[in-house]
Enquirer: 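Please find one structure pasted underneath; my questions will follow.
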Amino acid sequence: MNKREVWDEMIETDEIMGMIKQEGAGYFSKEGKYKIDVGIYLEQLMEERGITRKSMVHRLNLEESYGRKLFGGQRIPTRKILLQCAFILSLDLKETQRLLEIGQKTRLYPRVRYDAAIIHGIEKKMTLDQMNAFLEEIGEAPLL
């Protein structure tokens, strides 16, 4: 690839910001096109659903400093935190799998009992509290 071809593939920051504003979370669904920061992706999902960062940090029961680092890209969230976010944001299964992928965590796998329970909760549109109660009921560790 010569220098001209590389230059043609480069996208200006302002153009990327315009695409994010125009496409919302859909921008991040472009498989392999852009390296995505999970904090930025979560911020976009929260904005689309009208949830503030402060509210999300509170609902996740995180310390403010950790939340700042999480959304600032200085901390990588655990799989459990990403799953908690999925329930708080009322994500469907496809959106949850995408969030896990962006967060570089394993996707939900129905042959794993714990994952199957999470999938059940997502499909039944359970709240985070309902999901935790269900997990405890079946003898699994809660998300929170």
Side-chain angles (χ1 to χ4, degrees), residues 1 6-144:
M1 186 178 283
V6 171
W7 180 257
D8 288 343
E9 290 183 17
M10 294 178 73
I11 299 174
E12 295 293 322
T13 303
D14 290 341
E15 186 178 351
I16 293 170
M17 290 302 294
M19 289 188 299
I20 290 170
K21 288 179 182 176
Q22 181 180 8
E23 298 174 32
Y27 169 83
F28 298 99
S29 297
K30 297 175 180 171
E31 297 290 335
K33 182 96 172 153
Y34 308 103
K35 183 171 179 356
I36 304 162
D37 179 88
V38 70
I40 293 171
Y41 184 63
L42 279 170
E43 290 268 3
Q44 185 66 40
L45 290 170
M46 289 167 19
E47 182 179 318
E48 288 175 4
R49 287 161 171 80
I51 297 175
T52 65
R53 180 189 289 192
K54 185 175 183 173
S55 172
M56 180 63 92
V57 169
H58 176 74
R59 291 175 76 180
L60 291 170
N61 200 27
L62 300 175
E63 290 190 26
E64 191 69 34
S65 62
Y66 182 82
R68 213 175 11 262
K69 290 176 184 176
L70 177 80
F71 293 109
Q74 298 157 326
R75 288 271 197 248
I76 297 173
T78 64
R79 188 172 191 253
K80 279 193 172 191
I81 287 177
L82 292 176
L83 290 171
Q84 290 171 34
C85 290
F87 279 94
I88 292 168
L89 294 167
S90 301
L91 301 183
D92 64 23
L93 184 57
K94 183 177 178 182
E95 293 168 322
T96 301
Q97 298 288 41
R98 182 68 179 144
L99 177 61
L100 290 170
E101 180 182 298
I102 290 169
Q104 300 175 7
K105 305 299 180 213
T106 56
R107 294 167 56 97
L108 293 168
Y109 185 60
R111 289 186 182 244
V112 174
R113 186 173 192 264
Y114 186 81
D115 287 5
I118 300 293
I119 292 169
H120 171 75
I122 291 168
E123 294 296 319
K124 294 291 184 182
K125 300 185 186 314
M126 290 182 183
T127 65
L128 182 56
D129 290 338
Q130 290 170 330
M131 185 71 247
N132 283 323
F134 177 71
L135 288 169
E136 286 183 28
E137 180 182 319
I138 65 168
E140 295 286 346
L143 287 173
L144 198 49

Enquirer: Taking Glu48 for its side chain and Leu45 for its backbone only, find out whether a donor-acceptor pair lies under 3.5 Å.
Expert: no
Enquirer: Which atom pair, heavy atoms only, marks the closest approach of Thr106 to Arg79?
Expert: O-NE, 2.9 Å
Enquirer: Please report the interatomic distance CD1(Ile51) to NE2(His58), rounded to the nearest 0.5 Å.
Expert: 12.5 Å
Enquirer: Would you find a donor on one side and an acceptor on the other, under 3.5 Å apart, between the side chain of Asp115 and the backbone of Leu108?
Expert: no
Enquirer: Is the number of heavy atoms from other residues, nucleotides or ligands within 6.0 Å of CD1 (Ile76) greater than 12?
Expert: no
Enquirer: Does NZ belonging to Lys69 count more than 12 external heavy atoms closer than 6.0 Å?
Expert: no
Enquirer: Which atom names give the shortest non-hydrogen contact between Ser90 and Glu95, and what distance separates them?
Expert: O-OE1, 4.4 Å
Enquirer: Considering non-hydrogen atoms only, spot the tightest contact between Pro110 and Ala116 and give its length.
Expert: O-CB, 3.4 Å
Enquirer: So with a 6.0 Å cut-off around CD of Glu63, is the heavy-atom count from everything else above 12?
Expert: no
Enquirer: Between Ala117 and Met131, what is the shortest heavy-atom contact and its length?
Expert: O-CE, 3.3 Å
Enquirer: Check this for me, if you would: do Arg98 and Glu101 make a salt bridge, where the nitrogen-to-carboxylate-oxygen distance has to be below 4.0 angstrom?
Expert: yes
Enquirer: Would you say Ile122 and Phe87 make side-chain contact, with heavy atoms under 4.5 Å?
Expert: yes
Enquirer: Under the 3.5 angstrom rule, does the side chain of Lys80 hit a backbone N or O of Pro142 as a donor-acceptor pair?
Expert: yes
Enquirer: Does NE2 in His120 sit with more than 12 non-hydrogen atoms of other residues, nucleotides or ligands closer than 6.0 Å?
Expert: yes
